[in-house]
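Structure first, commentary second.
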Amino acid sequence: MYRTHTCGELRLHHQGQQVTLAGWVQRIRKLGAITFVDVRDRFGITQLAFYEDSDKENFDKANELGREYVIQVTGIVRERDSKNPNLPTGDIEVVPHTLRILNASKTPPFTIEDETDGGDELRMKYRYLDLRRNPLKNNLMLRYRIGMEVRRYLDSLGFIDIETPFLIKSTPEGARDFVVPSRIHPGHFYALPQSPQTFKQLLMVAGFDRYYQIVRCFRDEDLRADRQPEFTQIDCEMAFVEQEDILQTFEGLVRHLLKEIKGIEVGPFPRMSYADAMRLYGCDKPDIRFGMQFVELNDIAKGFGFKVFDEAELVVAINAQGCAHYSRKQIDELMEYVRRPQIGAGGLAWMKRDENGLKSSFDKFYTPSQLEAIAEKAKVTNGDLLLILAGPEAKTRKALHELRMYMGEKLGLRKPDEFAPLWVLDFPLLEWDEETGRWHAMHHPFTSPKPEDIHLLDSDPGSVRANAYDMVLNGNEIGGGSIRIFDRQLQKKMFQLLGFSDEKAQEQFGFLMNAFEYGAPPHGGIAFGFDRLVALLGGHETIREFIAFPKNNAGRDLMIDAPSPIDEEQLQELHISTINPQV
RNA sequence: GGUCCGGUCGUUCAGUUGGUUAGGAUGCCGCCCUGUCACGGCGGAGAUCGCGGGUUCGAGUCCCGUCCGGACCGCCA
């Protein structure tokens, strides 16, 4: 071994012991006849003290060191003359009698400090240096701990981890597939799984009635701060369960994680229907750390001659409590926010109550009692500011949701150390896709409809609710799943609704429907976005900081420079020619 | 497919109405310093201002194009 202790380990009680440490040079402080060297490994930092008077040879050698040199020292642990209370090892230092340079280092392109001076691009290019920094190191350690706790919890409930293949078959539903050409079968392609969905259902048919996997998934769609082309799911499936069993089991998982990782105890998770989430928050993943629920004003605001409201399909408001003092300029700024093309509201109406009474941007169209009625419905008390949007229903709800989140952020109501999970239930089974002019599965094509809604499948497909559920944490969807269809006839019906011909359905999903003919148990499951969950528990919304080697926002790996062109030879072997060969 | 922001010494940021010796901080190098821990002091080196074109007597600054990075919309069952 190159060391007897780690750099974060030594304390006062080690005083007098001879130890050997190995690590990276964090910083060197030359004071003349003394040189201090901080040596770092992933466990911590220990100070080394070199003296010109007593050990000229090592002193001179220490003065030759540079940042990030890899060194090994052997010496005696000593109590410091002046202690550093900011460091766990701050009471001691090591006085080396041997110093070995294991490897020199170029000066790194950015400082290896908690607050680095490096920009994103550089840090991505030198990711292995960025990972030496505490924040990233701690993020990866958090990720590992959460993974371990997930396994511990699921294992204790009898779940078993089974691997599923990465080279599978491309399917038309859902996200764009990453595709892998087959060398052996010219013109044929594998696809990388968007999730192990069908495989875990087949494992249920196979009798492994509690399955899980912390598994990589691949989707060839555009990236975001919280989306990578390859990401990790906690993928789970259970047989012989109803929705309630799944909710209990996985609510338990998240409760376990919050307790073990954050030391937070949470009670039973609130449950909300999709319809209520949309009605009260304009969004299917509401952040319920703060109130500010939607108040619909159609019945009391329309019909009094204010055109903006009268002509709107929906007039809806949020009450920003305590914001009545907002200046004209501040309100204008909110107006600008909602009018940005990406939000798309036409304008913003407001009403406030302060020591001067009730005032609004639409006073002249209403009598005082009509205004009072609005204020009363929205519970506008002294000091409150009501923000009102009007327009087409779906668009207006979405815009008000954005405004609500914006206000929540502005008012400091989205506290990163507070965790408010909830279940959103009863999602629609199908949604209409304007572009293709057909129904799409909102969750996926294997999701079962609610039994009481099955009779609507033909007459009113859009109103059929699914046995589907999302787990939402602080405004982020962290997991979602459903009770599956396990009946071949119903599955066939679903494929019909989704516009698959019998032949196409057989070709794409025949393996699953055939399996259902051999005794498929009732089953259902859920998948959590592991990266997102880790990021949230780590107090961030950018998952990139919690992945060792992530891609940038254009799907590129700046460190290894991927994707990249391949040799003509390699293309030929794969029976591929490119339409626009790269320069 | 689209919108917005950015690209200036190794790094990070400033740079006025177009005329500067292109500046600060940090890092790097040298000298001084026996208790520092973001050590301190003094000195030094370090920039074809992303790239190409245009306007102009004159472009880091204005215009067009392009590349790269970041955020977002569409997209993500």
Side-chain angles (χ1 to χ4, degrees), chain A residues 26-40 45-54 59 63 66-68 78-87 89-91 93 95 106-126 129 171-177 194-195 197-198 217-229 231 340-344 398 402 427-431 433-436 438-447 466 468 477 480-482 494 498 527 529 532 541-542 544 552-556 558 561 583:
Chain A
Q26 176 72 25
R27 192 178 285 116
I28 303 166
R29 292 178 294 278
K30 298 177 185 175
L31 277 75
I34 304 184
T35 290
F36 294 110
V37 175
D38 289 340
V39 60
R40 181 200 74 233
I45 285 182
T46 299
Q47 174 168 288
L48 312 174
F50 294 91
Y51 295 87
E52 184 171 27
D53 293 349
S54 51
F59 174 82
N63 285 330
R67 280 162 50 204
E68 301 304 313
R78 202 179 70 173
E79 183 172 8
R80 288 203 202 177
D81 284 349
S82 53
K83 300 190 165 80
N84 183 349
N86 302 319
L87 224 55
T89 61
D91 286 346
E93 64 195 356
V95 182
K106 297 211 297 200
T107 302
F110 51 87
T111 55
I112 314 294
E113 304 280 348
D114 290 6
E115 298 287 334
T116 182
D117 61 4
D120 290 332
E121 190 178 350
L122 209 59
R123 288 170 47 210
M124 288 290 256
K125 188 169 173 192
Y126 297 92
L129 295 181
T171 56
E173 277 285 307
R176 213 172 280 122
D177 284 320
Q194 297 172 24
S195 81
Q197 183 59 39
T198 50
C217 304
F218 307 86
R219 292 178 191 176
D220 187 8
E221 298 291 346
D222 287 356
L223 285 70
R224 288 289 186 280
D226 64 349
R227 265 168 29 196
Q228 288 270 305
F231 61 100
R340 287 173 11 188
Q342 281 155 6
I343 309 286
K398 185 159 180 274
E402 298 289 351
F427 279 81
L429 182 69
L430 301 163
E431 60 186 345
D433 184 343
E434 291 292 344
E435 239 173 76
T436 55
R438 65 180 187 90
W439 292 102
H440 267 255
M442 193 155 175
H443 186 55
H444 58 52
F446 317 110
T447 300
E477 179 199 328
S482 62
M494 268 299 281
L498 296 172
R532 211 173 280 182
E541 297 199 351
T542 304
R544 224 174 287 165
N552 77 355
N553 71 344
R556 243 193 272 276
L558 295 176
D561 190 26
V583 186

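Every chain is numbered from 1 and lettered A, B, ... according to where its sequence line falls, protein lines coming before strand lines.
Spacing of C1' atoms, rU66(B) relative to rC73(B), comes out at 24 Å, to the nearest Å. rA22(B) and rG41(B) are spaced 28 Å apart, taking the C1' atom of each and rounding to whole Å. Nucleotides rU11(B) and rG2(B), compared at atom C1', are 33 Å apart to the nearest Å. For the C1' atoms, the distance from rA59(B) to rU17(B) is 14 Å, rounded to whole Å. On the C1' atoms, rU8(B) is 16 Å away from rC68(B), given to the nearest whole Å. Here, rC9(B) and rG15(B) have their C1' atoms 14 Å apart, quoted to the whole Å. Rounded to the nearest Å, the gap between the C1' atom of rC37(B) and that of rG30(B) is 23 Å. Straight-line distance between the C1' atoms of rC49(B) and rG23(B): roughly 13 Å, to the nearest whole Å.
Contacts of Arg78(A) with the nucleic acid, taken as non-hydrogen atoms under 4.0 Å apart, include base atoms. Counting non-hydrogen atoms under 4.0 angstrom, Ala225(A) reaches the backbone sugars and phosphates but no base. Residue Gln194(A) is classed as having no contact, given no heavy-atom separation below 4.0 Å to the nucleic acid. Using a 4.0 Å heavy-atom criterion, one finds that Gly344(A) contacts no nucleic acid atom at all. If you check every strand for non-hydrogen atoms under 4.0 Å, Glu121(A) touches sugar and phosphate atoms only. No contact: Leu223(A) has no heavy atom under 4.0 Å from any strand. Among the heavy atoms of the strands, none lies under 4.0 Å from Thr171(A). Backbone-only contact: Pro109(A) has heavy atoms under 4.0 Å from sugar-phosphate atoms and none from a base.
The distance from atom CG of Asp222(A) to atom P of rG2(B) is 12 Å, rounded to the nearest whole Å. Rounding to whole angstrom units, OH of residue Tyr126(A) and P of rG69(B) are separated by 15 Å. With rounding to whole Å, Ile112(A) atom CD1 is found 19 Å from rU26(B) atom P. Rounded to a whole Å, the CG atom of Leu122(A) is 12 Å from the P atom of rG70(B). Protein atom CZ of Phe36(A) is 16 Å distant from nucleotide atom P of rC33(B), rounded to whole Å. Between Leu31(A) atom CG and rC39(B) atom P there is a gap of 10 Å when expressed in whole angstrom units. One interatomic measurement links the two molecules: CZ of Arg340(A) to C1' of rC4(B), which rounds to 9 Å at whole-angstrom precision. As a whole-Å value, the separation of Lys30(A) NZ from rG41(B) P is 17 Å.
Partner assigned to rU3(B) is rA71(B), using Watson-Crick or G-U wobble distances below 3.5 angstrom. With a cut-off of 3.5 Å on both pairing distances, rA45(B) has no Watson-Crick or G-U wobble partner at all. Base pairing of rG60(B) is not made with any nucleotide, judged by Watson-Crick or G-U wobble geometry with both donor-acceptor distances under 3.5 Å. The base-pairing partner of rG23(B), taking Watson-Crick or G-U wobble contacts with both distances under 3.5 Å, is rC13(B). Nucleotide rA38(B) has no partner under the Watson-Crick or G-U criteria, as no pair reaches both atom distances under 3.5 Å. The partner of rC33(B) cannot be assigned: no Watson-Crick or G-U wobble pair with both contacts below 3.5 Å exists in any strand.
A distance of 8.0 Å separates OG1 of Thr35(A) from CD1 of Ile28(A), quoted to the nearest 0.5 Å. Here the straight-line distance linking atom CG of Asp177(A) with atom CD of Glu221(A) works out to 9.5 Å at 0.5 Å rounding. Atoms CG and CD1, on Asn86(A) and Ile45(A) in that order, are 11.5 Å from each other to the nearest 0.5 Å. Gln47(A) contributes atom CD, which lies 10.0 Å from atom CZ of Arg78(A) (distance to the nearest 0.5 angstrom).
Taking the side chain of Arg80(A) as heavy atoms from C-beta on, and the options rC72(B), rC39(B), rC37(B), the nearest nucleotide is rC37(B). In this structure, of rG74(B), rU36(B), rC76(B), it is rG74(B) that holds the atom nearest to the side chain of Lys398(A). Nearest nucleotide to the Arg29(A) side chain, out of rC39(B), rG27(B), rG74(B): rC39(B). Nearest to the side chain of Ala175(A), among rC75(B), rC76(B), rG10(B), sits rC76(B). Taking only side-chain atoms of Glu93(A), from C-beta outward, the nucleotide of rC76(B), rU36(B), rG10(B) with the closest atom is rU36(B). Among rG69(B), rC73(B), rU36(B), the nucleotide with an atom closest to any side-chain atom of Arg556(A) is rG69(B). The side chain of Asn84(A) lies closest to rC37(B) when the candidates are rC37(B), rC73(B), rG10(B). Of the listed nucleotides (rU11(B), rC39(B), rG27(B)), rG27(B) has the atom at the smallest distance from the side chain of Thr107(A). Closest contact between the side chain of Asn553(A) and the listed nucleotides rC37(B), rG70(B), rG74(B) involves rG70(B).
For the pair Leu87(A) and Leu558(A), nearest-nucleotide mapping onto RNA chain B gives the more 5' position to Leu87(A). Nearest-nucleotide positions on RNA chain B place Gly118(A) closer to the 5' end than the other of Ala33(A) and Gly118(A).
Checking the phosphate oxygens (OP1, OP2) of rC73(B), a side-chain nitrogen or oxygen of Arg224(A) falls inside 4.0 Å. For Arg544(A), a side-chain nitrogen or oxygen approaches OP1 or OP2 of rG70(B) to under 4.0 Å. Within the structure, every side-chain polar atom (N or O) of Lys106(A) is placed at least 4.0 Å from both OP1 and OP2 of rG27(B). For Asn552(A) and rG70(B), the shortest distance from a side-chain N or O to OP1 or OP2 is below 4.0 Å.
Residue Arg219(A) places no side-chain atom within donor-acceptor reach of the base of rC76(B), judged by atom type and a 3.5 Å distance cut-off alone. Judged by distance alone with a 3.5 Å cut-off, no donor-acceptor contact links the side chain of Arg27(A) to the base of rC39(B).
Here the side chains of Phe231(A) and Arg219(A) are in contact, with some heavy-atom distance below 4.5 Å.
When every heavy atom of Pro229(A) is checked against every heavy atom of Leu223(A), the shortest pair comes out as CD-CD2, 3.2 Å. Considering every non-hydrogen atom in both Ala468(A) and Thr447(A), the closest pair reads CB-CG2, 4.1 Å. Across all their heavy atoms, Asn553(A) and Arg544(A) have their closest contact at CB-NH2, 4.0 Å.
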Please test Arg40(A) against Glu68(A) for salt bridge (charged side-chain N to carboxylate O under 4.0 Å, His left out), starting from the C-alpha separation and ending with a verdict. CA-CA 9 Å; Arg40(A) 181 200 74 233; Glu68(A) 301 304 313; 3.0 Å; yes
Verdict with supporting geometry, Asp38(A) and Arg27(A), side-chain contact (heavy atoms from CB on, under 4.5 Å): CA-CA 5 Å; Asp38(A) 289 340; Arg27(A) 192 178 285 116; 4.2 Å; yes
